[in-house]
Amino acid sequence: MVQYYEPQRDYGTPAASGGEAVALQIDGIDIEVPAGTSVMRAAALAGVKVPKLCASDSLEAFGSCRVCLVEIAGRRGYPASCTTPVEPGMQVQTQTPALAKLRRGVMELYISDHPLDCLTCPTNGDCELQDTAGEVGLRAVRYGFAGANHLEAEKDQSNPYFTFDPAKCIVCSRCVRACEEVQGTFALTIEGRGFDSRVSVGATDFLGSDCVSCGACVNACPTATLTENSIIEQGIPEHTAITTCAYCGVGCGFRAELRGNTVVRMTPWKDGRANEGHACVKGRFAFGYATHPDRITTPMVRDSIEQPWREVSWDEALQFAARRFREIQERHGRNSIGAISSSRCTNEEVYLVQKLVRAGFGNNNIDTCARVCHSPTGFGLKTTLGESAGTQAFTSVDSADVIMVIGANPTEAHPVFGSRLKRRLREGARLIVIDPREIELVDAPHIRADYHLPVNPGANVAVLNAMAHVIATEALHDAGFIAQRCDRESFASWLEFVSAEHNAPEALAAATGVDPESLRAAARLYASGGNAAIYYGLGVTEHSQGSTAVMAIANLAMLTGNIGREGVGVNPMRGQNNVQGSCDMGSFPHELPGYRHLSDAATRGQFEAAWQVQLDPEPGMRIPNMFDAALDGQFRGLYCQGEDVAQSDPNTQHIEAALSALECLVVQDIFLNETAKFAHVFLPGASFLEKDGTFTNAERRISRVRKVMPPLSGKADWEVTQAFAAALGCDMDYAHPSQIMDEIASLTPTFSGVSYALLDEKGSLQWPCNESAPEGTPTMHRDEFVRGKGYFAITDFVATDERANRRFPLLLTTGRILSQYNVGAQTRRTDNSAWHSEDTLEIHPHDAQERGVSEGDWVGIQSRVGNTVLRATLTTRVKPGVVYTTFHHPVSGANVVTTDNSDWATNCPEYKVTAVQVSRVSAPSAWQARQQQFDRKQRDLLERARTDA
Amino acid sequence: MSGQQIDHLVKMANQIALNFGEQRDLSRAAQCTAEHLEKFWTRAMREQLSAYADAGGEDLSPAVRLVFAGQSDTQGSQRP
Ligand code: SF4
Ligand code: SF4
Ligand code: SF4
Ligand code: FES
């Protein structure tokens, strides 16, 4: 059913939480609302619209415009309904002749300094000022434009996505408050007083300011002052569909707003429970990649990577791939082929790929890109708590008293959750940051971390053990919780281990680089500051002891009883949109959907019965095993869906050699990515706007992805996998992704209650969703752990092999930036590059000086495995001895220097620690020169396919 | 089998044993390592490592050696 465009409903002021019910009457209508509700909101709930300009339900009431006046029986004057709370028995009138006159007078003043060019205004028909003028019955403006006005004020068009046209501003300050309250950036202020007051973005323009382009102000603006450029260029939308952001693991709900098949705006969905109406620059604005001219929409094949591509039909491409895969298996055995699926794809798609591998290839050589990010989370949380997932909903942070952020940078990598976190910190929650680098949260507007422990890269486990040591030896632990909820035997041996002197902060100081006194103080705060919640990211997992660190985090939470209720817990911040989902769907080589090991005969039996095949009970290859085996000639065919291993995986030269050794590489993607340059078959993928499905975010929330335009290539990705399976003789028969979800639900106990119908009804669901939790599970492990008793795993600190020495004296660590996403394939093809057009190397001024490096110099970064060249940025955000870069641009080759060291339990690569030397250079590295040459050649081979066709 | 792949397997196995507390409790670390290899490694990888152990296994750590000790006569049929 088509949803025609209309603005999302606005109740004027935020909902009041949980107060007692108050009964009142508005325009003769009886209504009951929670205490603390404004009269304006109560009226909206009663179906009565009070005119308003400065109020919005995403912001605290402000009471400046005076359009929302009402009359209340027994009260003098005309109170503003947005700032007046309801009282029992109140009798409110919203429409009287006196009110009408007052409102008209106010509107007249506003309009007298507002251009009357409604017919040609970009938001004509979608403007609150216009609507309100209509509502109050404004018919004439007596003052004219002859007096002083702002109509000539200059536009600010510096931001690539929106325009600021101050001539239209009514100084309601909604934008300023949105930037403060919703986003927490404080980029805007109202400057001047009275007639001179105006919105200011600081000294320069929007692009040069602190603004992070989240769009909250644009969303909040009731006029055309702040307007999306897409709306200015294309007009207001005519229909909408609710969908989910395809960038990060926050999983924001969006309303895709369209004209025909063209998305003209992505508006954060107010009912989206992960984001509640907020968004960031990626999800809100960076959707243009979906229709970028670089999209490849026709299947292509070639016999070798030296040849030009040949555009072919779907059928020919799939037959070509299937024939080669079967031939390889005939010659080299069943285990010589495999697949890698992507966390950017939907649950239904990754489920199908693992099914294709297990049922069609007849082996378990399926892995996912979560291998290189959060596989240690799966292992660590399964071992200690019994389920491979975060324990809380995002809203849980609203009741946290102490927040510990370790190896995560939420304001850059998970911005919408970052804003929520910042709000809680401004309300007074205490903050501990454990990170080698001074991330934004350490010192942000109105926020200061109580403790920043600048841990040496590679020493997380030592820091976490030392914290546990302090808590245990100072008897700050929650003995009652442990006795009741945790495994007694494992706790006893762990306690002995952690209390030993070698785990004291003082003993570990040389390894951690952290002042023992600050560490002790941070541990005391975590243990005794009230509800304490841990948020962690790839700075924890991407280490040789990633899994150990995850277990150490779970130990801390159990030790202090900070698990199993709101406000606490262990929260992995997932990188890509569907990392949680792709892990849930059985994308690891050792387990079936729902994290059940292949050796479990009963589970295997269910899948065998449903799929009508015999399954191999032996684990398959992980990604690094596939590459090693490829170099050895044992692994020769790979189907890679939506994943750019050539750019995202460590030790690029090793991976390029492995990919070049494959006999048949099938890549399914929307662009000719770095991996596709080594491919023999290219299957065009569909963007998230072109398919139906579901994503599961970091809080286990399953949300719908809805098709808003037909796939450019004619097929959605699940259809491609199904057709590939058919070509291999493995029949699948789904007419719609909802049927795939039904199969998942029928075979996975934690998903048994999930269906598209229920998702449509509830908006989203947090798994486990089954008979015992029919509406899903926001907080896990409430009464008991999924594994029964919580398990304290012993977490020996084992220093990584990757140590600094005389030759490689600095430790390189990596991270992300807000405006770019992962390997940048999408965001680099949007105007987000205005903020980050290249990766740079952050280096401490002291280290820079020693090497004669100045700001902006080209520097060579040499590790044991390779070298690359970047520009230097001098900053004290990193401490001496540590350098830092992002990995959003292929030419930077950050992974040319990362080694193939990996987590001991899961082989998650150790991206976060590489010993390097840095020196000033004048030319790109040899790898970069080769990469550029190879890139040019492959683009040329693609061009030839297009011109030949 | 290339040198590179076996080098990786040896390194990974040693790393697993060390993280299972090889230096605290050798036999328990060996037991946990054996279970871990069984659960997460392919049969081919286990067989390669086992063959390496049979051939002397000089770079294997003590706990990993223990995993493969006494398996040579049943090699192939019994998993580590
Ligand atoms: S776009 Fe976001 S960060 Fe920028 S001014 Fe508006 S609210 Fe503030
Ligand atoms: S820019 Fe918009 S939201 Fe901000 S003060 Fe002006 S009219 Fe209000
Ligand atoms: S926070 Fe993440 S999910 Fe939300 S809009 Fe930004 S990228 Fe998308
Ligand atoms: S809406 Fe109430 S004063 Fe502006």
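Proteins come first, then strands; the chains are lettered A, B, ... in the order of their sequence lines, and each starts at number 1.
A:I794 has its side chain out of reach of B:R28: every pair of non-hydrogen atoms, C-beta onward, lies at least 4.5 Å apart. Proximity of A:H590 to B:K39: side-chain heavy atoms (C-beta onward) are nowhere separated by under 4.5 Å. At least one side-chain heavy atom of A:N907 sits less than 4.5 Å from a side-chain heavy atom of B:M12. In this structure, the side chains of B:H36 and A:W904 come closer than 4.5 Å at one or more pairs of heavy atoms. Between B:Q15 and A:V798, every side-chain heavy-atom pair lies at or beyond the 4.5 Å cut-off.
The CD atom of A:E618 sits 7.0 Å away from the CD atom of B:E38 when rounded to the nearest 0.5 Å. Here the straight-line distance linking atom NE2 of B:H8 with atom CG of A:D632 works out to 11.0 Å at 0.5 Å rounding. Separating the CG atom in A:D801 from the CG atom in B:N14 is a distance of 10.0 Å, to the nearest 0.5 Å. A distance of 10.0 Å separates CG of B:N19 from OG1 of A:T795, quoted to the nearest 0.5 Å. A distance of 10.5 Å separates CD in A:Q634 from CE in B:M45, rounded to the nearest 0.5 Å.
The salt bridge (Lys or Arg N to Asp or Glu O under 4.0 Å) pairs that include a residue from residues 15-24 of chain B are A:D796-B:R24, where partners are two or more places apart or lie in different chains.
Neither the backbone nor the side chain of A:E591 comes within contact range of chain B, judged by heavy atoms closer than 4.5 Å. For A:S599, no part sits under 4.5 Å from any heavy atom of chain B, backbone or side chain. Of the two parts of A:S544, the backbone and the side chain both hold a non-hydrogen atom closer than 4.5 Å to a non-hydrogen atom of chain B. Heavy atoms of A:N335 lying under 4.5 Å from chain B are absent altogether. When heavy atoms are compared at a cutoff of 4.5 Å, A:D903 approaches chain B solely by way of its backbone atoms N, CA, C and O. Using a 4.5 Å cut-off between heavy atoms, A:F379 touches chain B through its side chain atoms alone.
Counting non-hydrogen atoms of neighbouring residues, nucleotides and ligands closer than 6.0 angstrom, the CZ atom of A:R488 reaches no more than 12 such neighbours. Annotation: B:Q23, atom CD; neighbour count of heavy atoms from other residues, nucleotides and ligands within 6.0 Å does not exceed 12.
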